[in-house]
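Everything on this sheet refers to the single structure shown next.
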Amino acid sequence: MSWPPFPSPPDLSGAARLQRELVNAVELNGDWSKVGLLAALDASIKRGESLVAAAVLWDVQNESVLRVAVAKMPPQKVFPYVPGYLSFREAPVYLAALETLGTTPDALLVDGQGIAHPRGLGVAAHLGVHTGLPSIGVAKSRLFGGAAGVLDQKEGCAVPLCSERALVGTPCREGLQVGWLFRSRTAVKPVYLSPGHKVSMSETLRFVASLPRSTKLPEPLRQAHLWAGRARREGLAEGLVFE
DNA sequence: GCGACAG
DNA sequence: ATCTTGTCGC
């Protein structure tokens with residue numbers, strides 16, 4: 001559970017170059033039926049303050065939180081938020097939180113896009129390729145792709161999220177599926193699911209739909225969101241903050 | 001030039 | 001992402 005440091009490009013063109021290079025390493029297949037340990041990742045930040053990340057180790061079988069780790073990164077070291085480049089901002093602190101967890105999970109569930117990204121490499125896909133771990137992205141809003149059809153209001157329903165244009169240098173043509181629009185709760189805004197790494201399109205939906213959820217976010221991510229916010233507001237120290 | 005734009 | 005009051009529904 002020790003990974004290389006996460007690269008921090010000097011500018012956006014350098015970041016885009018890295019994304020176009022790493023997108024070729026993304027693997028869109030894999031069986032998640034035996035994923036027992038899941039790590040859910042989310043971050044919280046307030047202007048001028050540190051970026052705080054929470055990694056929640058989730059027991060898939062028992063649907064419970066096993067452990068929670070918190071990591072922080074000083075504002076000066078935090079890459080600016082630019083749509084399309086979120087991984088350079090959040091992945092470094094996610095990596096630190098994962099190391100603190102002390103256990104390598106079987107897979108990652110990340111707050112953000114997987115391959116449903118302008119260059120095919122959202123934060124979930126990037127983190128998956130960097131760590132070699134299977135990953136799925138769950139985003140609360142759209143970055144790339146359009147819904148193929150009308151999404152039913154009923155919870156559990158889904159419609160494909162398809163590419164609005166071809167992505168040069170990749171097999172992605174216009175119209176190719178890049179994820180799912182998933183209604184986690186009846187009459188609630190849907191979430192955008194997309195494969196990150198080592199997972200197929202169908203497994204992405206099957207796995208997320210199998211997770212318990214009381215709100216639009218699957219429970220592991222909701223917990224990560226709560227802990228990240230709590231850690232930031234209450235100034236919790238870095239390290240294991242639960243179990 | 002204009003609109004879109006994860007967190 | 002963050003902040004915020006009221007409001008609606010189970």
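Values below: every heavy atom of this structure, side chains too, minus hydrogens, waters and symmetry copies. Below, read A as the first sequence line, B as the second, and so on, with proteins coming before strands; counting in each chain starts at 1.
With B:dC5, C:dT2, B:dG7 as the choices, the nucleotide that has an atom nearest any side-chain atom of A:R142 turns out to be B:dC5. Listed candidates were B:dA6, C:dT2, C:dA1. Nearest to the side chain of A:L143 is B:dA6. Listed candidates were B:dA4, B:dG7, B:dA6. Nearest to the side chain of A:V123 is B:dA6. Residue A:P83 places its side chain closer to B:dC5 than to any other of B:dC5, B:dG7, C:dT2.
Between A:Q113 atom CD and B:dC5 atom P the separation is 11 Å, expressed in whole Å. The CZ-C1' distance, from A:F79 to C:dA1, rounds to 17 Å in whole Å. We find that CG of A:L86 is positioned 9 Å from P of B:dA6, with the value rounded to whole Å. Rounded to an integer number of Å, the gap from CD of A:E164 to P of B:dA6 is 12 Å. Taking atom NE2 of A:H126 as the reference point, atom C1' of B:dG7 lies 16 Å away to the nearest angstrom. When the P atom of B:dG7 is taken as reference, atom CG of A:L121 falls 16 Å away, rounded to whole Å. Going from atom CG of A:L226 over to atom C1' of C:dA1 covers 15 Å, rounded to whole Å. In this structure, NZ of A:K189 is placed 11 Å from P of B:dA6, rounded to the nearest angstrom.
Between A:F88 and A:F79, the two ring planes are tilted [angle within 30° to 60°].
Contact annotation for A:R233: no contact, since no heavy-atom pair falls under 4.0 Å across all strands. Residue A:I45 is classed as a sugar-phosphate contact, given heavy-atom separations below 4.0 Å to backbone atoms only. Residue-level contact check: A:E90 touches the backbone only, with heavy atoms under 4.0 Å from sugar-phosphate atoms and none from bases. Within the 4.0 angstrom heavy-atom criterion, no nucleotide atom of any strand lies near A:G137. Counting any heavy atom pair closer than 4.0 Å across all strands shown, A:F88 reaches no nucleic acid atom.
Checked for salt-bridge contact, A:R222 and A:D42 miss the test: no charged N lies under 4.0 Å from a carboxylate O.
For A:K140, a side-chain nitrogen or oxygen approaches OP1 or OP2 of B:dG7 to under 4.0 Å. Checking the phosphate oxygens (OP1, OP2) of C:dC3, no side-chain nitrogen or oxygen of A:R47 falls inside 4.0 Å. Under 4.0 angstrom from either OP1 or OP2 of C:dA1 there lies at least one side-chain N or O belonging to A:H225. One finds a side-chain N or O of A:S141 lying less than 4.0 angstrom from the OP1 or OP2 phosphate oxygen of B:dG7.
Residues A:L236 and A:Y94 fall within the same hydrophobic cluster, defined by Ile, Leu, Val, Met, Phe, Trp and Tyr side chains chained together at heavy-atom separations under 4.5 Å. In the hydrophobic clustering of ILVMFWY residues, with side-chain heavy atoms under 4.5 Å counting as a link, A:L22 and A:L108 come out together.
Put simply, the side chain of A:L98 reaches to within 4.5 Å of the side chain of A:W3, judged on heavy atoms.
Under a cutoff of 6.0 Å and an axis angle of 45°, A:R119 and A:Y85 form a cation-pi pair.
Stacking is not found between A:Y192 and the pyrimidine-like six-membered ring of the B:dA6 base under the 5.5 Å centre-distance and 30° plane-angle cut-offs.
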